[in-house]
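One-based numbering, in listed order, for ligands and for the atoms of each.
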Amino acid sequence: MIKGVIFDLDGVILSTDDFHYKAWKKLANRLNIPFNREKNNRLRGVSRMASLEIILEGYHFSEEEKLAFAEEKNNTYRELLNGLTPDFVSVDVRDTLDELKNKGLKIAIGSSSKNTKLILSRVGLINAFDAIADGTDIKKSKPDPEVFLIAAKRIGLEPKDCIVVEDAFAGIDAAVVGGFVPVAIGDACAHKQVKYKLEVLSDLLKIVGE
Ligand code: B16
Ligand code: MG
């Protein structure tokens with residue numbers, strides 16, 4: 001029986017995935033490295049440094065240069081985050097979170113991002129979840145299930161009793177390995193191991209009602 005829902009952040013609760021794309025694109029353009037939305041899909045759910053390695057495939061840079069590139073991207077990303085306000089959260093997302101809580105389910109965030117708490121504060125959702133697990137809590141990012149296992153522990157539930165909602169292939173892989181119920185939205189709907197696919201987040205309410 002489903003007792004909790006663990007949400008990915010970028011690309012599920014908020015469309016900050018587009019900010020990640022724009023920030024990486026700016027860096028790639030400066031370095032004259034080809035980068036498009038298709039390649040960007042490989043970065044979903046993957047840590048900042050692992051994302052950079054994917055962008056730099058076939059190119060050689062020193063570790064020092066790579067650290068500087070990652071910081072440059074994060075600075076651009078954080079400038080874009082400055083524009084976030086509570087209006088950035090859709091009515092569908094707000095209503096879904098409220099309804100899940102009304103039904104007595106626990107809700108948590110499981111995000112690879114080290115900017116998670118900054119983002120949730122800016123959009124007014126910092127107190128909306130029963131627990132937050134993010135990039136600052138983990139040693140291994142998705143497709144490792146670590147972040148979801150920490151989130152489940154913080155809401156006191158077994159993985160088998162929790163849905164994980166993800167927009168990333170790496171996130172669905174992590175959910176499957178961790179023993180969670182894998183639910184996809186967006187790009188991740190093409191993943192073969194998803195149990196349910198959502199067109200909008202509120203489709204979740206039908207699943208938990210089953
Ligand atoms: P940061 P999620 C992930 O967040 C993003 O999908 C991924 O594109 C990003 O590289 C990663 O967070 C790290 O983010 O650079 O902010 O620490 O989808 O797991 O919520
Ligand atoms: Mg995501």
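Checked against the Mg ion (ligand 2), the N, O or S atom of D167 at the shortest distance is OD1.
Distance from atom 8 (O) of ligand 1 to its nearest protein heavy atom, with residue and atom name: L43 O, 3.3 Å. From the protein, the heavy atom lying nearest to atom 15 (O) of ligand 1 is R48 NE, 2.7 Å. Closest protein heavy atom to atom 11 (C) of ligand 1: V46 O, 3.2 Å.
Listed by number with element, the atoms of ligand 1 under 4.0 angstrom from any heavy atom of K142 are 2 (P), 19 (O). Close approach of ligand 1 to N115 (heavy-atom distance below 4.0 Å) involves ligand atoms 1 (P), 16 (O).
The backbone N or O of G45 lies less than 3.5 Å from a partner atom in the side chain of S112, making a donor-acceptor pair.
The parts of L9 lying near ligand 1 are both backbone and side chain, judged by heavy-atom distances below 4.0 Å. The parts of S112 lying near ligand 1 are both backbone and side chain, judged by heavy-atom distances below 4.0 Å. Contacts with ligand 1 closer than 4.0 Å are made by heavy atoms of both the backbone and the side chain of K114.
The pair K197-D203 does not meet the salt-bridge criterion, since no charged nitrogen lies less than 4.0 angstrom from a carboxylate oxygen. Classification of E166 and R44 as a salt-bridged pair fails, no side-chain N sitting under 4.0 Å from a carboxylate O. For the pair K26 and E72, the salt-bridge criterion is not met [side-chain N within less than 4.0 Å of a carboxylate O].
In terms of polar-atom proximity, defined here as any N/O pair under 3.5 Å, W24 makes no such contact with ligand 1. Annotation: S111 places an N or O atom under 3.5 Å from an N or O atom of ligand 1; distance criterion only.
Side-chain atoms of N115 and D134 include no donor-acceptor pair closer than 3.5 Å. Between H191 and D173, the side chains place a donor N or O and an acceptor N or O closer than 3.5 Å (distance only, hydrogens not considered). T76 and E79 share no donor-acceptor pair across their side chains, judged by distance under 3.5 Å alone.
Relative to the six-membered ring of Y21, R37 meets both conditions, a distance below 6.0 Å and an angle of at most 45° to the axis. At least one cation-pi condition fails for K73 and F69: the charged atom is not both under 6.0 angstrom from the six-membered ring centre and inside a 45 degree cone around its axis.
Not a single heavy atom of G11 sits less than 4.0 Å from an atom of ligand 1. The closest approach between E166 and ligand 1 stays at or above 4.0 Å for every heavy atom of the residue.
D8 contributes OD2 and D10 contributes O; the angle these two atoms make at the Mg ion (ligand 2) is 80°, rounded to 10°.
With S47, G45, S113 as candidates, the residue nearest to atom 12 (O) of ligand 1 on a non-hydrogen basis is S113.
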